[in-house]
2 protein chains.
Amino acid sequence: MENPNLKKAGLKATLPRIKILQILEENPLRHMSAEDVYKVLLGTGEDVGLATVYRVLTQFETGGLVSRHHFEGGQSVFEINQGEHHDHILCVGCGKVDEFVDEIIEQRQRAIAKKAGYVMTDHSLYIYGMCGECQKKKM
Amino acid sequence: MENPNLKKAGLKATLPRIKILQILEENPLRHMSAEDVYKVLLGTGEDVGLATVYRVLTQFETGGLVSRHHFEGGQSVFEINQGEHHDHILCVGCGKVDEFVDEIIEQRQRAIAKKAGYVMTDHSLYIYGMCGECQKKKM
DNA sequence: GATGCTAATGATAATCTTTTGCATTCGTGT
DNA sequence: ACACGAATGCAAAAGATTATCATTAGCATC
Ligand SMILES: [Mn+2]
Ligand SMILES: [Mn+2]
Ligand SMILES: [Zn+2]
Ligand SMILES: [Zn+2]
């Protein structure tokens with residue numbers, strides 16, 4: 001009963017899963033690596049292994065509870081699925097992550113996939129740049 | 001004198017660099033991981049270390065000779081820079097890689113970055129799906 | 001509420017990709 | 001041909017993620 005979303009995803013309501021889901025829902029970062037989540041867990045004194053964090057995040061992804069992103073930098077970043085699909089714009093200076101939705105781009109993507117004979121399953125779009133703050137700093 | 005592009009990038013014309021550039025130019029795969037390049041080298045009996053392949057590919061990237069892509073799957077994939085910028089559509093079934101250019105999307109991206117206050121430095125767009133071949137196989 | 005079976009967990013080792021340290025070799029200008 | 005710094009190969013290290021396996025914890029049942 002602790003969290004209806006876990007049941008919905010067909011996952012047993014275990015303590016690690018409840019805690020991790022809670023972190024993803026409440027942490028202002030919104031885009032977190034496994035390590036990020038693990039550190040929060042440690043901070044609150046929870047005894048959850050890093051391996052479990054990885055396992056649970058992958059299960060959440062499979063169950064449609066979170067999305068996995070591959071921002072530059074090697075590690076996977078996770079974000080809880082709430083609200084509609086969106087893409088990301090990232091600052092190469094400070095790491096800030098902004099989100100946007102552009103229906104024209106979405107539409108063009110579908111058209112391109114179709115023209116190439118593909119059935120599109122997914123797509124990922126990242127825009128990299130310098131945010132306003134960082135532009136000032138570099139001058 | 002072996003390859004003008006190396007000089008252009010400010011890199012000494014060493015044997016590993018010459019060979020690797022040649023592979024990137026001539027191999028029909030066009031999108032190759034460091035390991036891919038290394039295997040070709042081994043196949044032709046060259047005595048080049050994998051570490052050197054990684055080093056050289058990174059130098060090529062810095063020198064603008066190649067682009068690095070982060071397709072799903074963990075490892076970096078490299079492609080020689082010739083012709084104009086383009087994005088990629090990848091088959092999740094067989095790994096095929098197709099390329100496309102869409103000026104509308106490029107334009108929208110610039111507009112989005114600008115509106116968010118960013119100076120865009122780069123962007124990456126991957127469309128994932130099932131190619132024509134793979135659609136048939138799965139039925 | 002106790003019981004039992006299975007799935008989940010934590011710790012650790014293993015894997016995979018990429019980077020580094022360092023002694024040796026090579027490329028280039030003289 | 002020489003000299004010197006840059007580049008290389010090898011091996012070890014690092015960083016991220018996954019696999020193994022003995023132990024523990026959900027949850028349906030009694
Ligand atoms: Mn997001
Ligand atoms: Mn390409
Ligand atoms: Zn910034
Ligand atoms: Zn295919």
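First the proteins, then the strands, lettered A, B, ... as listed; each starts at 1.
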Rounded distance (Å) that lies between atom [atom2] of [N] and atom [atom1] of [X]:
X        : N       : atom1 : atom2 : answer
Leu6(A)  : dA7(C)  : CG    : C1'   : 14 Å
Leu50(B) : dT19(C) : CG    : C1'   : 11 Å
Glu72(B) : dT17(C) : CD    : P     : 15 Å
Gln75(A) : dT19(C) : CD    : C1'   : 16 Å
Phe71(B) : dT17(C) : CZ    : P     : 16 Å
His69(A) : dA16(D) : NE2   : P     : 19 Å
Lys19(A) : dA8(C)  : NZ    : C1'   : 18 Å
Arg68(B) : dT17(C) : CZ    : P     : 14 Å

Check whether [X] reaches the backbone of [Y] with its side chain - one donor and one acceptor, N or O, closer than 3.5 Å.
X         : Y         : answer
Gln75(A)  : Ser33(A)  : no
Tyr118(A) : Leu90(B)  : no
Arg17(B)  : Lys12(B)  : yes
Glu79(A)  : Arg30(A)  : no
Thr121(A) : Tyr128(B) : yes

Report task. Quick one: do Leu65(A) and Glu61(A) satisfy side-chain contact (heavy atoms from CB on, under 4.5 Å)? Show the steps, please. Result -> CA-CA 6 Å; Leu65(A) 266 55; Glu61(A) 183 192 16; over 6 Å; no
Query raised in the report: Of all the choices, dT18(D), dT9(C), dC10(D), which nucleotide is nearest to the side chain of Thr58(A) once you look at every atom?
Result: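 From the listed options, dT18(D) comes nearest.
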Query raised in the report: Between Gly73(B) and Arg55(B), who's closer to the 5' end of DNA chain C by nearest nucleotide?
Result: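 Looking at the nearest nucleotide for each, Gly73(B) comes out on the 5' side.
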Query raised in the report: DNA chain C: Arg17(A) or Ser76(B), which has the more 5' nearest nucleotide?
Result: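 Nearest nucleotide further toward 5': that of Arg17(A).
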Query raised in the report: Along nucleotides 23-30 of chain D, 5' to 3', which nucleotides get a B, which get an S, and which get a -, given that the test is a protein heavy-atom distance under 4.0 Å?
Result: ---SS---
Requested in this report: Using only side-chain N and O atoms of Tyr54(A), determine if any of them is under 4.0 Å from OP1 or OP2 of dT18(D).
Outcome: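 Indeed not, no polar side-chain atom of Tyr54(A) lies that close.
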Query raised in the report: Side-chain donor-acceptor pair under 3.5 Å between Arg55(A) and Thr58(A), yes or no?
Result: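 Thr58(A) and Arg55(A) do not have a side-chain donor-acceptor pair below 3.5 Å.
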